[in-house]
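Remarks on the structure that follows.
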Amino acid sequence: MPDKKVRVRFAPSPTGGLHLGGVRTVLFNYLFAKKHHGDFVLRIEDTDQNRYVEGAEQYIMDCLKWCGLFPDESPEAGGPYAPYRQSERKSIYREYAEKLVRQGHAYYAFDTPEELEQNRREIPNFQYGLAYRDGLRNSLSLTQHEVDELLDRHTPHVIRIKMPADERVSFDDVIRGHVSFETNQVDDKVLLKADGMPTYHLAVVVDDYLMKISHAFRGEEWLPSAPVHLLLWEYLGWKADMPQWAHLPLILKPDGHGKLSKRDGARLGFPVYAMSWFDAKTGELTPGFRELGFLPEAFLNLLATLGWNDGTDQELFTLDELIEKFSIDRVSKAGAKFDFEKAKWFNAEWIKKSEAGTLKSEVRKVLEDKGVVVTDENYLNQVIDLVKDRCVLLTDFYQQSAYFFEQPKEYDVNSVKPKWTDAKAEFFNAFIGTINSTKVFEPAALETDFKALAEEKGIKAGELMLPFRIMLVGAKFGPHVFDIATLLGKEETVKRIEKALVAFNN
RNA sequence: GGCCCGUUCGUCUAGGGGUUAGGACGUUAGAUUUUCAUUCUAGAAACAGGGGUUCGAUUCCCCUACGGGCUACCA
């Protein structure tokens with residue numbers, strides 16, 4: 001069997017925010033493509049005009065950019081199989097649907113949505129298929145003359161696949177192995193809608209064929225309709241070119257049950273979308289991982305390990321490592337509950353291992369969004385190095401480093417005042433003198449001077465550390481005090497001591 | 001209801017006919033840090049149940065239970 005060039009696609013509908021599971025599907029497609037030196041295409045499945053949302057397509061592409069997952073072919077980038085928007089390919093699909101009708105593998109159906117709804121209501125387990133199609137209004141039950149007349153009058157109609165009787169459709173899924181279905185149990189899915197647009201079922205087969213897709217990875221929710229797709233590949237005469245299928249396990253709610261949804265994020269307090277999504281219709285803004293302070297590397301890393309591992313204990317992977325180590329058949333079969341705690345751990349790890357330089361622009365944005373002005377790049381780098389080990393989210397950099405850029409607005413006086421004495425005030429007055437007269441202003445020397453002076457004044461150094469910290473930071477957190485003081489500089493340190501002294505002595 | 005898929009610590013998972021069933025998150029305890037976080041050490045914590053097959057099943061097979069998905073002119 002000749003090795004086909006690897007070509008995979010991510011085919012989202014532009015209907016709203018891009019879900020975690022969607023990004024994981026992109027990622028697995030992307031990793032597989034890059035690993036096998038293949039192509040990764042982005043195809044927009046905008047065949048449902050009712051659900052189409054303005055701006056959603058651009059948003060999806062922005063999400064991919066943020067993640068660093070660039071498609072080789074897309075509506076934006078173009079490519080040899082353009083157009084990559086199904087709405088722009090509308091004219092292509094009808095031909096194939098009609099061909100199926102001529103071959104007897106599909107038929108026209110004239111039933112109105114209301115009629116079908118009524119059937120579903122009144123007949124238990126109703127499905128448009130073997131058991132009921134003869135009693136419905138379609139080109140199988142009507143005479144040729146009746147059908148022609150209906151068609152001539154432009155009666156709204158759809159084209160449905162005619163599922164064969166008593167057959168078994170089976171295939172080998174890369175992730176779950178052998179899967180099989182009884183055709184009698186599958187209904188006659190609509191292929192072409194009354195508005196002339198294809199449904200997903202037709203479009204995915206036609207486009208995957210035309211775009212020479214070699215491997216089709218999608219969520220497990222598609223498994224039940226796989227027999228329809230398989231039959232279509234066969235009926236259209238393309239079976240030899242059919243991609244290999246892999247149905248990915250779903251990402252589940254952390255508590256309770258079911259697929260993870262946007263609502264769960266709001267309810268449980270974590271993001272579900274890659275980036276914030278603003279719904280113009282409802283005016284609702286749904287926060288995303290990016291806005292919450294996740295690094296794209298961490299986001300990808302946590303998604304990759306949700307349902308996949310390389311067989312070792314390694315959990316932290318760069319994108320390049322993932323490309324190198326990824327293997328679709330090591331993806332697990334079972335759905336995975338999303339754990340936000342672990343997600344945060346991944347982000348903390350990535351912040352810790354990232355260089356200040358690569359964090360800089362994001363941190364600057366976080367600070368500036370809060371009104372903190374950053375002027376000195378080098379200073380910012382040093383601040384980041386000093387505090388990044390205590391940040392879980394990028395947004396934590398505000399709380400952890402704002403005091404390096406502006407004096408504390410208030411002090412945690414409750415931690416100081418009860419034990420504050422005139423002697424301590426005197427110590428700090430004297431310490432200002434020490435600082436001013438010191439030549440080398442660096443942590444170790446400063447600490448030595450601090451302790452020497454404390455001893456001289458007969459105060460335990462430990463009693464003075466906390467007040468000193470609160471003078472500089474305003475609260476009980478942060479790196480070593482002497483590191484903070486050193487980075488703040490002589491002048492600023494003195495200023496802060498003086499200012500705090502006023503507050504403490506009051 | 002029908003069809004399909006799944007089931008190892010609370011969660012993500014490794015493993016695989018004979019193992020002290022391993023790791024990670026979280027959690028508990030301790031050490032370090034004269035703050036907080038980091039870091040380090042230790043601990044608790046799992047093979048859904050029942051039948052087979054086998055000298056031996058958590059691992060293979062069947063059934064049950066449970067969970068999930070689908071059941072639209074949505075994707």
Side-chain angles (χ1 to χ4, degrees), chain A residues 11-15 45-48 50-51 86 109 111-113 116-117 120 124-129 156-160 173 175-177 179-182 184-187 189-201 203-204 218-227 247 249-250 252-255 257-259 302 305-316 330 332-346 348-349 352 387-392 396 399-400 412 415 451 460-466 468-470 473 475-481 484:
Chain A
S13 297
T15 54
E45 309 225 334
D46 55 350
T47 54
D48 184 354
N50 301 316
R51 293 214 307 156
Q86 289 183 331
D111 320 85
T112 66
L116 294 176
E117 206 176 301
R120 276 189 272 269
N125 297 332
F126 172 82
Q127 61 174 26
Y128 210 122
H157 63 278
V158 300
I159 293 179
R160 285 178 182 273
D173 186 285
I175 294 173
R176 31 205 92 233
V179 183
S180 88
F181 302 84
E182 206 85 58
N184 293 0
Q185 305 285 351
V186 183
D187 56 343
K189 292 268 183 261
V190 170
L191 264 22
L192 201 73
K193 301 186 253 188
D195 65 4
M197 279 288 195
T199 59
Y200 172 81
H201 307 296
V204 74
R218 59 185 1 177
E220 194 189 344
E221 70 267 30
W222 290 109
L223 207 43
S225 49
H247 290 87
L250 266 13
L252 276 11
K253 300 173 196 289
D255 65 345
H257 313 291
K259 265 199 287 192
L302 74 93
T305 53
L306 202 54
W308 173 85
N309 70 82
D310 72 342
T312 73
D313 286 342
Q314 183 173 353
E315 291 197 278
L316 264 17
R330 282 199 64 88
S332 50
K333 300 188 216 298
K337 287 184 185 144
F338 180 66
D339 181 1
F340 190 51
E341 289 308 316
K342 184 119 188 194
K344 285 193 289 190
W345 174 79
F346 273 108
E349 290 298 315
K352 270 188 285 184
V387 307
K388 66 177 179 156
D389 281 6
R390 48 196 81 218
C391 293
V392 172
D396 292 340
Q399 130 96 346
Q400 291 296 335
D412 180 0
S415 300
K451 287 182 173 166
K460 274 194 250 170
E463 300 261 310
L464 297 161
M465 300 281 263
L466 191 59
F468 189 30
R469 166 177 301 279
I470 290 175
V473 177
K476 288 193 283 187
F477 67 88
H480 295 290
V481 234
I484 297 173

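As the structure is a computational prediction, the values presented were derived from the model and not from experiment. Each chain gets a letter, A, B and so on, in the order the sequences are listed, and its residues count up from 1. In what follows, every heavy atom counts, from backbone to side chain, and hydrogens, waters and symmetry copies are set aside.
Spacing between atom CG of A:D389 and atom C1' of B:U38 amounts to 5 Å, rounded to whole angstrom units. Rounded to a whole Å, the CG atom of A:D187 is 14 Å from the P atom of B:C70. What separates CE of A:M465 from P of B:C36 is a distance of 12 Å, to the nearest Å. One interatomic measurement links the two molecules: CD of A:Q185 to P of B:C3, which rounds to 5 Å at whole-angstrom precision. For A:F338 and B:G67, the CZ to P distance is 23 Å, given to the nearest whole Å. The CZ-C1' distance, from A:R330 to B:C12, rounds to 14 Å in whole Å. The separation between A:L252 atom CG and B:U11 atom C1' is 12 Å, rounded to whole Å. A:E182 has its CD atom 12 Å from the C1' atom of B:G2, to the nearest Å.
As judged by a 4.0 angstrom heavy-atom cut-off over every strand, A:T305 is placed among residues touching the sugar-phosphate backbone only. Residue-level contact check: A:K259 touches the backbone only, with heavy atoms under 4.0 Å from sugar-phosphate atoms and none from bases. Residue-level contact check: A:K352 touches the backbone only, with heavy atoms under 4.0 Å from sugar-phosphate atoms and none from bases. Across all strands shown, A:A334 has heavy atoms under 4.0 Å from sugar-phosphate atoms exclusively, and none from any base. Among the heavy atoms of the strands lying under 4.0 Å from A:P479 is at least one base atom, whether or not backbone atoms are also near. Nucleic acid contact for A:V190: sugar-phosphate only, since backbone atoms but no base atoms lie under 4.0 Å from a heavy atom of the residue. Within the 4.0 angstrom heavy-atom criterion, base atoms lie near A:D111. A:G307 comes within contact range of the sugar-phosphate backbone alone, with a heavy-atom separation under 4.0 Å but no base atom that close. A:R51 comes within 4.0 angstrom of a nucleotide base, judged by non-hydrogen atoms across all strands. No contact: A:S225 has no heavy atom under 4.0 Å from any strand. Within 4.0 Å (heavy atoms only), A:T47 reaches sugar-phosphate atoms of the nucleic acid but no base atom.
There is no side-chain donor-acceptor pair under 3.5 Å between A:D48 and A:Y200.
Side-chain atoms of A:L223 lie closest to B:C5 of the nucleotides B:G6, B:C5, B:C12. Side-chain proximity of A:K193 to B:A14, B:C73, B:U35: nearest is B:C73. When distances are taken from the side chain of A:D48 to each of B:U13, B:G69, B:C74, the shortest belongs to B:C74. For A:R390, the listed nucleotide lying nearest its side chain is B:C36; candidates were B:C36, B:U71, B:A75. In this structure, of B:C4, B:C5, B:C70, it is B:C70 that holds the atom nearest to the side chain of A:E221.
Comparing B:A46 with B:U54, their C1' atoms sit 25 Å apart, to the nearest whole Å. Taking atom C1' in both B:U27 and B:C12, the straight-line distance is 16 Å, to the nearest Å. Nucleotides B:U58 and B:G52 are separated by 13 Å at their P atoms, to the nearest Å. The same atom, P, is picked in B:C62 and in B:C5; the two are 12 Å apart, to the nearest Å. Here, B:A65 and B:G49 have their C1' atoms 7 Å apart, quoted to the whole Å. Between B:A42 and B:C25, the two P atoms lie 14 Å apart (nearest whole Å). Comparing the same atom, P, in B:A14 and in B:C9 gives a spacing of 12 Å after rounding to whole Å. Distance noted for atom C1' between B:U13 and B:C47: 13 Å (whole Å).
The aromatic rings of A:F126 and A:Y128 stand perpendicular to each other, their planes meeting at an angle above 60°, with 30° marking the opposite boundary.
With A:R330 contributing its side chain and A:N309 its backbone, the two residues share a donor-acceptor pair below 3.5 Å. Within the 3.5 Å criterion, the main-chain N or O of A:R51 finds no donor-acceptor partner in the side chain of A:T15.
Between A:D187 and A:K189 there is a salt bridge, since at least one side-chain N of the basic residue sits less than 4.0 Å from a carboxylate O of the acidic one. Salt bridge A:E341/A:K344: present, at least one basic N to carboxylate O contact under 4.0 Å. Between A:R176 and A:E220, at least one side-chain N (NZ, or NE/NH1/NH2) sits under 4.0 Å from a carboxylate O, which counts as a salt bridge.
Taken from CD in A:E45 to OG1 in A:T199, the straight-line distance is 10.5 Å, to the nearest 0.5 Å.
Nucleotide B:U27 is matched to B:G43 when pairs are restricted to Watson-Crick or G-U wobble geometry with both distances under 3.5 angstrom. For B:U58, there is no paired base (Watson-Crick or G-U wobble, both distances below 3.5 Å). If you check B:C70 for Watson-Crick or wobble pairing at under 3.5 angstrom, you find it paired to B:G2. Pairing partner, B:A48: B:U64, with both Watson-Crick or wobble hydrogen-bond distances short of 3.5 Å.
Side-chain contact between A:K342 and A:L306: absent, with no pair of heavy atoms (C-beta onward) separated by less than 4.5 Å. You'll find the side chain of A:R160 stays beyond 4.5 Å of the side chain of A:L191, heavy atoms only.
Contact annotation: A:S332 side-chain N/O to B:U13 OP1/OP2 distance is under 4.0 Å. Side-chain N/O atoms of A:R160 include one lying less than 4.0 angstrom from OP1 or OP2 on B:C73. Phosphate contact (OP1/OP2 of B:U34, side-chain N/O of A:K451, threshold under 4.0 Å): absent. For A:K189 and B:C73, the shortest distance from a side-chain N or O to OP1 or OP2 is not below 4.0 Å. Dashed line: the shortest gap from a side-chain N or O of A:R120 to OP1 or OP2 of B:C73 is under 4.0 Å. One finds no side-chain N or O of A:N125 lying less than 4.0 angstrom from the OP1 or OP2 phosphate oxygen of B:G2.
Checking A:R176 against A:R469, the closest nucleotide of RNA chain B that is more toward the 5' end is the one next to A:R176. If A:P12 and A:G462 are placed on RNA chain B by their nearest nucleotide, the residue sitting closer to the 5' end is A:G462.
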For A:F477 and A:Q400, run side chain to side chain contact (heavy atoms under 4.5 Å, CB included): C-alpha distance rounded to whole Å, both residues' side-chain angles, the deciding distance at 0.1 Å, then the answer. CA-CA 8 Å; A:F477 67 88; A:Q400 291 296 335; 3.7 Å; yes
Apply the test side chain to side chain contact (heavy atoms under 4.5 Å, CB included) to residues A:R218 and A:H247: give CA-CA distance (whole Å), side-chain angles for both, the deciding distance (0.1 Å), then the verdict. CA-CA 5 Å; A:R218 59 185 1 177; A:H247 290 87; 3.0 Å; yes
For every nucleotide of nucleotides 22-33 of chain B, 5' to 3': is a protein heavy atom under 4.0 Å from its base (B), only from its sugar-phosphate (S), or from neither (-)? -SBB-------S
